[in-house]
K.L.:
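A single structure is presented below for examination.
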Amino acid sequence: MRGKKVLLAILAPAIAFSAAAGTLQLQKDSNTMTVSNGLLKFRISSKGAMITLLQDLESKQNYAASEGGVSGLGKARIYENLRNHDPEESDYKLNVIKNDGNTIAIRATYLAKDRRYKTKGFEFIKTYSLNKSEKRLIYDYMIKAHASTGEFSPFVHNLFKLPQAKSYAFCQTSTGLFCKETSPPKTGGANNFVGGLSEPWGALISPKPATGIIMVNDPDKLHELFFWLGNEQYATIEPLFNKKRFAADAIWKTRMYYMPVSGLKSCHFAGPEYAGGFTSENGKSVLKFVSAVTLGKIKLAVLSNNKKLLEQKINAVAGNVVSIPVALPAGMSQLKVIVASLVHNISASAKLQTGHIKGRQAVYNTGG
């Protein structure tokens with residue numbers, strides 16, 4: 001994919017216990033592990049090491065769908081399957097590999113044994129990490145081939161549960177902003193491949209009540225994003241990675257980040273530790289900025305055609321929303337947003353505009 005490399009990191013939510021903000025807690029039973037830090041909770045299932053609960057403790061929204069056979073987040077797939085089914089697994093292990101008061105990391109490993117889904121002989125290794133006082137989940141994903149294989153495109157299936165309100169998918173491409181409303185079933189246009197990405201993230205945002213989920217990927221491995229938008233309450237963000245031919249004992253790995261946000265009505269840029277979007281309030285354009293980690297004092301700048309529209313220092317605290325008035329040009333504009341030293345060249349508008357860039361429609365539904 002094109003665009004500057006953006007480094008990322010993430011945290012997630014889970015079960016019915018609570019922790020003071022900044023305090024890591026771990027709960028285990030025979031089939032699951034649940035981690036919380038007072039900002040987020042996440043739960044890992046023994047089935048496919050998938051995320052079965054991802055909860056923003058501020059909004060109380062759980063983003064991990066648990067409906068039917070296509071539920072869950074972080075599910076391992078091979079694109080060439082064109083199937084919703086997970087590989088049958090064996091030798092499953094789920095262990096805590098780090099718990100030092102600053103980070104809890106859970107690692108799951110299993111072998112795929114079902115030839116039908118073209119994953120027989122693959123070993124899947126998934127590590128989920130939550131850091132103290134951060135509102136993001138880090139997902140390290142590794143595939144090891146035990147024998148030579150053909151050329152495959154790894155991808156990750158994520159079915160997100162959304163608030164019962166209008167929601168929109170966002171991502172940035174080299175030709176503009178992709179923004180599309182999730183829709184009721186059977187209205188068409190549910191399957192959307194979006195390529196030519198200029199930034200390695202995808203977002204699902206509900207303007208009312210201003211909540212959402214952002215997923216950030218490794219720009220060096222990401223090929224395109226697939227959004228399934230066929231339901232008002234359920235939608236997917238599925239990263240499809242560059243094709244890989246596996247030799248025996250070859251290892252492929254990537255890192256992803258899940259970042260629930262509260263306070264955003266749109267998403268126009270995102271990075272390792274933050275996200276932001278422009279919106280309109282009382283007839284004036286406003287930049288909303290949310291940090292997933294405490295960055296302290298940082299500088300934000302917005303430029304249009306080299307004209308500085310905004311330059312301001314803010315105090316970025318994990319989970320907090322900062323609102324800054326900024327006079328944007330009318331309509332969809334090409335902007336440069338600078339967060340500390342990271343530069344985002346984006347298309348944005350204070351007014352929510354759908355259909356600016358269309359995704360390629362899928363021939364098959366790979367998203368479930």
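Because only heavy atoms are used, hydrogens play no part in the values below, and waters and symmetry mates are left out as well, while side chains stay in.
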K.L.:
With the threshold set at 4.0 Å, does a side-chain nitrogen-carboxylate oxygen contact exist between Asp56 and Lys135?
P.N.:
yes

K.L.:
Do you know which two heavy atoms are closest between Leu54 and Ala64, and how far apart they sit?
P.N.:
N-CB, 3.7 Å

K.L.:
Given side chains that start at C-beta, do those of Asn37 and Ile104 come closer than 4.5 Å, heavy atoms only?
P.N.:
no

K.L.:
Does a side-chain heavy-atom distance below 4.5 Å link Ile346 with Val337?
P.N.:
yes

K.L.:
Please examine the side chains of Asp140 and Met142, heavy atoms only from C-beta on, and report whether any two atoms are closer than 4.5 Å.
P.N.:
no

K.L.:
Assigning hydrophobic clusters by single linkage (Ile, Leu, Val, Met, Phe, Trp, Tyr; side-chain heavy-atom cutoff under 4.5 Å), is Val326 placed with Val322?
P.N.:
yes

K.L.:
Residues two or more places apart in sequence or in another chain: which of them pass ring-ring contact (aromatic ring centres under 6.0 Å, His included) with Tyr168?
P.N.:
none

K.L.:
Could you walk me through whether Ser304 and Gln334 satisfy the side-chain hydrogen bond (donor to acceptor under 3.5 Å, both in side chains) test, starting with their C-alpha distance in whole Å, then the side-chain angles of each, then the deciding distance to 0.1 Å, before giving a yes or no?
P.N.:
CA-CA 7 Å; Ser304 175; Gln334 301 303 306; over 6 Å; no

K.L.:
Taking the side chain as every heavy atom from C-beta outward, state whether Lys161 and Tyr234 have any atom pair closer than 4.5 Å.
P.N.:
yes

K.L.:
Report the residues that fulfil side-chain contact (heavy atoms from CB on, under 4.5 Å) with Thr52, sequence neighbours left out, ordered by chain and then residue number.
P.N.:
Arg43, Ser45, Met50

K.L.:
Where do Thr182 and Asn231 come nearest, in terms of heavy atoms and distance?
P.N.:
CB-O, 3.5 Å

K.L.:
Enumerate donor-acceptor pairs with a distance under 3.5 Å from any side-chain N or O in residues 201-216 to protein atoms, sequence neighbours excluded.
P.N.:
unit_1	atom_1	unit_2	atom_2	d
Trp201	NE1	Glu199	OE1	2.5
Ser206	OG	Ser167	OG	2.5

K.L.:
State, with a plain yes or no, whether a side-chain heavy atom of Glu58 is found less than 4.5 Å away from one of Ser262.
P.N.:
yes

K.L.:
Which heavy atom in Gly195 sits nearest to a heavy atom in Glu224, and how many Å separate them?
P.N.:
CA-CB, 3.8 Å

K.L.:
Does Phe278 have any ring-ring contact (aromatic ring centres under 6.0 Å, His included) partners at least two apart in sequence or in another chain, and if so, which?
P.N.:
His268

K.L.:
Using the ring pair (Phe, Tyr, Trp, His ring centres under 6.0 Å) rule, collect all pairs that involve residues 283-336, keeping only residues at least two apart or in two chains.
P.N.:
Tyr274-Phe289

K.L.:
Taking salt bridge (charged side-chain N to carboxylate O under 4.0 Å, His left out) as the test, write out the residues that go with Lys308, two or more places apart.
P.N.:
Glu311

K.L.:
Kindly write out the residues that satisfy ring-ring contact (aromatic ring centres under 6.0 Å, His included) with Phe269, not counting sequence neighbours, or none if the list is empty.
P.N.:
His344

K.L.:
Look up atom OG in Ser129 and atom CG in Asn102, then write down how far apart they are to the nearest 0.5 Å.
P.N.:
12.5 Å

K.L.:
Leu300 and Val286: same hydrophobic cluster, using ILVMFWY side-chain contacts below 4.5 Å?
P.N.:
no

K.L.:
What's the spacing between Leu295 CG and Glu273 CD if we round to 0.5 Å?
P.N.:
5.0 Å

K.L.:
Check for me, please, whether Ile251 and Phe246 land in the same ILVMFWY cluster - side-chain distances under 4.5 Å, paths through other members count.
P.N.:
no

K.L.:
With sequence neighbours excluded, what pairs up with Asp249 under the side-chain contact (heavy atoms from CB on, under 4.5 Å) test?
P.N.:
Lys144

K.L.:
Can you check whether Ala190's main-chain N or O pairs, donor with acceptor, with Asn192's side chain at less than 3.5 Å?
P.N.:
yes

K.L.:
I'd like to know whether CG of Asn305 has more than 12 heavy-atom contacts from other residues, nucleotides or ligands below 6.0 angstrom.
P.N.:
no

K.L.:
Hey, does the side chain of Tyr128 reach the backbone of Ala49 with a donor-acceptor pair shorter than 3.5 angstrom?
P.N.:
yes

K.L.:
Under the criterion side-chain contact (heavy atoms from CB on, under 4.5 Å), I'd like the reasoning laid out for Leu24 against Leu26: C-alpha separation, chi angles, the key distance, then a yes or no.
P.N.:
CA-CA 7 Å; Leu24 285 165; Leu26 170 67; over 6 Å; no

K.L.:
Mind checking who shares a hydrophobic cluster with Val317, ILVMFWY linked at side-chain heavy-atom distances under 4.5 Å?
P.N.:
none

K.L.:
Do any N or O atoms from the side chain of Asn242 and from the backbone of Lys221 form a donor-acceptor pair under 3.5 angstrom?
P.N.:
yes

K.L.:
Check the pair Thr109 / Arg107 against side-chain contact (heavy atoms from CB on, under 4.5 Å), numbers first and verdict last.
P.N.:
CA-CA 7 Å; Thr109 62; Arg107 176 167 294 165; 4.3 Å; yes

K.L.:
What's the spacing between Asp220 CG and Arg255 CZ if we round to 0.5 Å?
P.N.:
14.0 Å

K.L.:
Is any side-chain heavy atom of Leu225 closer than 4.5 Å to one of Phe193?
P.N.:
no

K.L.:
Say whether, by atom type as modelled, one donor and one acceptor occur between the side chain of Lys126 and the main chain of Gly74 under 3.5 angstrom.
P.N.:
yes

K.L.:
Can a donor-acceptor pair be found, under 3.5 Å and without considering hydrogens, that links the side chain of Ser59 to the backbone of Gln61?
P.N.:
yes

K.L.:
Same cluster for Val156 and Ile125 if Ile/Leu/Val/Met/Phe/Trp/Tyr side chains link at under 4.5 Å?
P.N.:
no

K.L.:
Work out which heavy atom in Ser291 is nearest to a heavy atom in Thr294; give both atom names and the distance.
P.N.:
OG-N, 4.5 Å

K.L.:
Keeping the roles fixed (side chain from Lys284, backbone from Glu281), state whether a donor-acceptor pair exists under 3.5 Å.
P.N.:
no

K.L.:
Using side-chain contact (heavy atoms from CB on, under 4.5 Å) as the criterion, list what pairs up with Asn95, not counting sequence neighbours.
P.N.:
Lys93

K.L.:
With side-chain contact (heavy atoms from CB on, under 4.5 Å) as the criterion, how do Lys299 and Ile338 come out once you've worked through the C-alpha distance, each side chain's angles and the decisive distance to 0.1 Å?
P.N.:
CA-CA 8 Å; Lys299 185 175 74 174; Ile338 303 173; 5.8 Å; no

K.L.:
For the CG atom of Leu94 and the OH atom of Tyr110, what is their distance to the nearest 0.5 Å?
P.N.:
12.0 Å

K.L.:
Restricting to ring-ring contact (aromatic ring centres under 6.0 Å, His included), what partner residues turn up for Tyr141, sequence neighbours left out?
P.N.:
Tyr139, Trp252

K.L.:
State plainly whether one hydrophobic cluster holds both Leu310 and Leu342, where clusters connect Ile, Leu, Val, Met, Phe, Trp and Tyr through side-chain heavy atoms under 4.5 angstrom apart.
P.N.:
yes

K.L.:
Listing request: all salt bridge (Lys or Arg N to Asp or Glu O under 4.0 Å) pairs with a residue in residues 327-352, at least two apart in sequence or in separate chains.
P.N.:
none

K.L.:
Tell me the closest heavy-atom pair linking Leu177 and Cys171, and the distance in Å.
P.N.:
CD1-O, 3.4 Å

K.L.:
So, taking the atom named CG in Leu73 and the one named CD1 in Ile237, what distance separates them when rounded to the nearest 0.5 Å?
P.N.:
9.5 Å

K.L.:
Of all the heavy-atom pairs spanning Ser285 and Ala350, show the shortest one and how long it is.
P.N.:
CB-CB, 3.5 Å

K.L.:
Counting heavy atoms not belonging to Lys166, are there more than 12 under 6.0 Å from its NZ?
P.N.:
no

K.L.:
Report yes if some heavy atom in the side chain of Leu328 is under 4.5 Å from a heavy atom in the side chain of Leu335; otherwise report no.
P.N.:
yes

K.L.:
Let me confirm one number: the NZ-CZ distance from Lys75 to Phe155, rounded to the nearest 0.5 Å.
P.N.:
10.0 Å

K.L.:
Check whether any side-chain heavy atom of Pro239 lies under 4.5 Å from a side-chain heavy atom of Asn158, and answer yes or no.
P.N.:
yes

